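Only a predicted model underlies this, so the values are computations on that prediction, with no experimental measurement involved.
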Amino acid sequence: MTSDTPAGRRFRVFNRRRSAPSRVRRRLGAAARMLAALALAGGIYTAFAPGAFAEDDTQLSTAAQEGQALFNNSCVTCHGLNAEGVEGRGPSLIGVGSASVEFQVGTGRMPMTRQEAQAEQKRPVFDETQTKQLGQYIQELGGGPQIPAGDLTDNVKTNPEALAKGGELFRLNCAQCHGNVGAGGALSSGKFAPSLHDATPSQIYGAMLTGPQNMPVFGDNELTPEQKTEIITYINTQIQNDKDPGGIFNLGGYGPATEGLAIFVVGITILVFTSLWIAGKS
């Protein structure tokens with residue numbers, strides 16, 4: 001059979017088709033090689049991964065372990081076994097930090113007795129040590145803001161400007177809800193801004209850091225730590241000690257302007273009626 005005949009040409013084409021691998025076979029071979037490479041990589045990773053996981057498994061501190069025991073007994077119903085939150089009961093606590101826990105638990109707002117518009121302050125269930133243990137557990141579990149240690153107020157005698165700056169910052173950032181004298185006030189949807197008369201410096205600092213209820217969060221970018229201590233100094237020195245800037249009548253706590261206006265209106269009214277009475281008698 002010669003190569004010039006039609007039969008010879010068909011024979012050569014048939015042989016090429018039989019000798020060359022098909023496209024499907026090539027794809028199957030490539031997939032098999034990829035699976036083999038992945039299996040090899042997985043085997044190598046499995047051999048070394050347990051040691052890496054052991055290094056990342058950090059242990060809780062003693063205080064956090066005590067806090068975990070308290071959490072498991074009193075908080076898991078609403079916040080979940082791993083503090084991830086339970087829908088319809090309580091939010092996640094991952095990332096809220098010890099500041100939020102110390103504020104909510106230290107003021108007795110948590111644990112809540114029932115679901116309502118706002119958690120009201122009441123007698124704390126846990127003492128100060130237990131509250132810090134709970135906060136430490138949540139801090140080590142998910143991180144977040146912390147209340148600084150030490151004195152959170154400025155000494156007015158050594159830093160008299162702190163009182164003036166704190167008053168200005170309070171009127172600018174806090175008086176809209178808490179009132180000029182820190183008595184608190186009503187908000188929408190059944191919520192309210194609480195009174196500041198019994199709040200401790202750590203509670204005020206924690207509230208500014210975490211923004212409970214309708215309160216905005218005042219992070220260090222909004223109010224520096226120094227400005228926070230100035231506000232606390234003003235609240236502690238001026239508001240909690242009932243030093244009304246207006247005088248003896250405390251007409252809204254706005255200062256001498258309201259009392260001067262009240263005296264003027266009342267005084268003028270008395271003078272007008274006195275003049276009319278004298279004119280009627282004469």
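When side chains are defined from C-beta on, Asn159 counts as touching Glu161, because their heavy atoms get closer than 4.5 Å. Within the 4.5 Å cutoff, the side chain of His79 has heavy atoms near those of the Phe71 side chain. At a threshold of 4.5 Å between non-hydrogen side-chain atoms, the residues Lys122 and Thr113 count as touching. Between Cys174 and Tyr234, every side-chain heavy-atom pair lies at or beyond the 4.5 Å cut-off. Within the 4.5 Å cutoff, no side-chain heavy atoms of Val125 are placed close to those of Ser74.
Phe273 and Val265 end up in different hydrophobic clusters when Ile, Leu, Val, Met, Phe, Trp and Tyr side chains are linked at under 4.5 Å. In the hydrophobic cluster analysis, where Ile, Leu, Val, Met, Phe, Trp and Tyr join through side-chain heavy atoms closer than 4.5 angstrom, Ile138 is grouped apart from Val217. Grouping the Ile, Leu, Val, Met, Phe, Trp and Tyr side chains by contacts below 4.5 angstrom, directly or via other members, places Leu60 with Ile94. Linking Ile, Leu, Val, Met, Phe, Trp and Tyr whenever their side-chain heavy atoms come within less than 4.5 Å leaves Met112 and Phe192 in two separate clusters. Under a hydrophobic-cluster definition in which Ile, Leu, Val, Met, Phe, Trp and Tyr are linked whenever side-chain heavy atoms come within less than 4.5 Å, directly or via other members, Leu70 and Val86 are assigned to different clusters.
Side chain of Gln176 to backbone of Leu172: a donor-acceptor contact under 3.5 angstrom is found. Checking side-chain atoms of Asn241 against main-chain N and O of Thr237 turns up a donor-acceptor pair under 3.5 Å. Between the Asp151 side chain and the Thr153 main chain, a donor and an acceptor come within less than 3.5 Å of each other. Judged purely by atom type and a 3.5 angstrom limit, Asp127 uses its side chain to pair as donor or acceptor with the backbone of Thr129. Using modelled atom types, one side-chain atom of Asn72 and one backbone atom of Gln68 make a donor-acceptor pair closer than 3.5 Å. Distance alone, capped at 3.5 Å, is enough to place a donor-acceptor pair between the Gln139 side chain and the Gly144 backbone. When atom types are taken as modelled, the side chain of Lys228 and the backbone of Phe218 share a donor-acceptor pair closer than 3.5 angstrom. Listed for the Thr274 side chain is a donor-acceptor partner under 3.5 Å among the backbone atoms of Ile270. No donor-acceptor distance shorter than 3.5 angstrom exists from the side chain of Gln227 to the backbone of Leu169, with no hydrogens or angles considered. For Glu102 (side chain) and Thr131 (main-chain N/O), no donor-acceptor pair under 3.5 Å exists by modelled atom type.
Environment of CD in Gln65: crowded, with over 12 heavy atoms of neighbouring residues, nucleotides or ligands closer than 6.0 Å. The number of heavy atoms from other shown groups lying within 6.0 Å of CD (Glu116) is above 12. Remark: Asp198 CG is loosely packed, at most 12 non-hydrogen atoms of other residues, nucleotides or ligands lying under 6.0 Å away. The environment of CD in Glu168 is sparse: at most 12 heavy-atom neighbours from other residues, nucleotides or ligands sit within 6.0 Å.
To the nearest 0.5 angstrom, Leu141 atom CG is 7.0 Å from Asn82 atom CG. Separating the OG atom in Ser92 from the CD atom in Glu87 is a distance of 13.0 Å, to the nearest 0.5 Å. If you take CZ on Phe103 and CE on Met110, they are separated by 10.0 Å, rounding to the nearest 0.5 Å. Put simply, CD on Gln213 and OG on Ser189 are 12.0 Å apart, with the number rounded to the nearest 0.5 Å. Interatomic distance, NE2 of His178 versus CZ of Phe170, reported as 7.0 Å (0.5 Å rounding). Between the CD atom of Gln118 and the CG atom of Leu187 there is a distance of 7.0 Å, given to the nearest 0.5 Å.
Residues Gln240 and Leu196 share a closest heavy-atom pair of NE2-O, 2.9 Å. The minimum heavy-atom distance between Ala193 and Cys177, with the atom names listed, is CB-O, 3.3 Å. Shown here for Ala117 and Gly190, the closest heavy-atom pair between the two residues is CB-O, 3.9 Å. Counting all heavy atoms, side chain and backbone alike, Pro201 lies closest to Ile232 at O-CD1, 3.6 Å. Scanning both residues, Leu223 and Ile231, for their nearest heavy atoms gives CD1-CD1, 3.8 Å. Considering all non-hydrogen atoms of both residues, Asn180 and Arg171 come closest at OD1-CG, 4.2 Å.
A donor-acceptor pair shorter than 3.5 Å cannot be found between the side chains of Gln136 and Ser98.
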Does the pair Leu152 and Ile204 meet the rule for a side chain to side chain contact (heavy atoms under 4.5 Å, CB included), with working shown? CA-CA 10 Å; Leu152 299 177; Ile204 299 172; over 6 Å; no

CA sep, side-chain torsions, deciding dist, call: Tyr137, Glu66, side chain to side chain contact (heavy atoms under 4.5 Å, CB included): CA-CA 8 Å; Tyr137 170 64; Glu66 297 290 340; over 6 Å; no

Show your reasoning for whether side chain to side chain contact (heavy atoms under 4.5 Å, CB included) applies to Leu35 and Arg33. CA-CA 5 Å; Leu35 289 174; Arg33 290 191 295 271; over 6 Å; no

